[in-house]
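Here the structure comes first, spelled out in structure tokens, and everything after it is commentary.
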Number of protein chains: 2
Amino acid sequence: MNISDAAQTCQLTTKALRHYESVGLVVPERRPNGYREYGAQQLKDLSFLAHSRAMGFSLEECRQLLELYRNPGRASADVKKLAQQKLSQLDAQLEQLHMLRDSLTQWVDHCPGDASPTCPIIQRLSETDAART
Amino acid sequence: MNISDAAQTCQLTTKALRHYESVGLVVPERRPNGYREYGAQQLKDLSFLAHSRAMGFSLEECRQLLELYRNPGRASADVKKLAQQKLSQLDAQLEQLHMLRDSLTQWVDHCPGDASPTCPIIQRLSETDAART
DNA sequence: TGTTGACCTTGACGTTAGGGCAGGGTCAAG
DNA sequence: CTTGACCCTGCCCTAACGTCAAGGTCAACA
């Protein structure tokens, strides 16, 4: 299967597929004319990759997941560990973003939003250092 | 004030300050020897920038905020609009991350985490396309 | 047979917001 | 006069591709 068909099948772009090959994640065969030939196994790997990426895993994390996916002798504990790591990252990120959102929401609520220059948002951002809400 | 003192004062790095200058955000004077000289206004701008960055605004968004900050004739409505845009982005990102976290949490909960290769996480990631939780 | 248009190849550069390093100039203290 | 702590510019690096350019290949159609 050609690269663009493989890409469409797996909901990816041709550029992504070339990238995955360049970093050694999914390496297709080559036909005599130099065209990439994606086989059934590659297509499965690419789908797995696409789903892993969609779940927020980085390419390096995907590399580890893919290794486990390909290894029938894997231990589910290893998979779980990777997932839990990602979960921790997600939680940390969520906490951070929540705080930003809460602050920003308050600031927006207190901003008149009219033609006057007085604005609590600007004031907060310019405060040298003090108790900030 | 020298660049490293300015950086320390504003909780930034010298590299960041040089970067902000290179993109025209905060441009200090130069002394005869070529050293950057950060004045009171630059320090205020940099603090404002640091706080804006910490609130999740991109440098381009910071550029607009800085423009409003510097302009005494600004309308708070313009500031509010930028903040609301950022808020929308944050909400969208939070929603996305929440969904990821919820799915991942379920998958982790259902993974035995032992030495067996059977793992719902791997299974979910390799499903060609079906109803996924 | 020739030619077009759609596909494929590689390679280089752009993106964000700086980090890190190399090579070299400047300054203040001892 | 030297040493160490600064400062300067410029280049390459990050993640995960997107975009563009120049050129090779292929299948169909006149």
Would you please confirm or rule out a distance under 4.0 Å between OP1 or OP2 of [N] and any side-chain N or O of [X]?
X       : N      : value
B/Ser58 : C/dT16 : no
B/Arg53 : C/dA17 : yes
A/Asn33 : C/dT9  : no

Round to a whole Å and report the spacing from [atom1] of [X] to [atom2] of [N].
X       : N      : atom1 : atom2 : answer
B/Asp5  : C/dC27 : CG    : P     : 16 Å
A/His19 : C/dT15 : NE2   : P     : 18 Å
A/Glu37 : C/dC7  : CD    : P     : 17 Å
B/Leu12 : C/dG19 : CG    : P     : 9 Å
B/Arg63 : C/dA17 : CZ    : C1'   : 13 Å
B/Leu49 : C/dG18 : CG    : C1'   : 13 Å
B/Glu21 : C/dA17 : CD    : P     : 18 Å

When we call it a touch if two heavy atoms are under 4.0 Å apart, what does [X] touch: a base, just sugar-phosphate, or nothing?
X       : answer
B/Arg36 : sugar-phosphate
B/Thr14 : nothing
B/Arg30 : sugar-phosphate

Separation between OH (B/Tyr38) and OG (B/Ser4), nearest 0.5 Å, reads 10.5 Å
From CD1 (A/Ile122) to CH2 (A/Trp107), nearest 0.5 Å: 10.0 Å
Between A/Gly34 and B/Lys15, name the one whose nearest nucleotide on DNA chain C is closer to the 5' end. A/Gly34
Atom of B/Ser76, atom of A/Cys111 and distance for their closest heavy-atom approach: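 Closest approach of B/Ser76 to A/Cys111, heavy atoms only: O-SG, 3.6 Å.
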Starting from the first five and the last five pairs of the helix from C/dT1-D/dA30 to C/dG30-D/dC1, work out the angle between the resulting helix axes, to 10 degrees.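 The two end axes of the helix from C/dT1-D/dA30 to C/dG30-D/dC1 meet at 40°.
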So with a 6.0 Å cut-off around CD of B/Gln123, is the heavy-atom count from everything else above 12?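 Yes, enclosed.
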Verify whether one side chain among A/Gln106 and A/Asp102 offers a donor that lies under 3.5 Å from an acceptor in the other.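 Result is no, nothing qualifies.
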For the residue pair B/Lys86 and B/Gln89, confirm or rule out a side-chain donor-acceptor distance under 3.5 Å.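 A pair is found: one side chain offers a donor N or O, the other an acceptor, under 3.5 Å apart.
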Is it true that a side-chain atom of B/Glu61 and a backbone atom of B/Ser58 form a donor plus acceptor pair closer than 3.5 Å?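 Yes, the answer is positive, given that a donor and an acceptor are paired below the 3.5 Å cut-off.
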Going by modelled atom types, is there a donor-acceptor pair between the base of C/dG25 and the side chain of B/Tyr35 at under 3.5 Å? yes
Considering only heavy atoms of chain B and a distance under 4.0 Å, specify the first and last nucleotide of DNA chain D in 5' to 3' order that meet this criterion.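 Counting from the 5' end, contacts occupy D/dC6 to D/dC11.
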Between A/Arg18 and A/Glu21 (salt bridge meaning N to carboxylate O under 4.0 Å), is one present in this structure?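 Here A/Arg18 does not pair with A/Glu21 in a salt bridge, since their nearest N and O are not under 4.0 Å apart.
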Between B/Val79 and B/Tyr69, is a side-chain contact (heavy atoms from CB on, under 4.5 Å) present by the stated rule, with each step listed? CA-CA 9 Å; B/Val79 183; B/Tyr69 171 53; over 6 Å; no
With sequence neighbours left out, write down each residue that passes side chain to side chain donor-acceptor pair (under 3.5 Å) with A/Ser116, or none if nothing qualifies.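 Partners of A/Ser116 under the side chain to side chain donor-acceptor pair (under 3.5 Å) test: A/Asp114.
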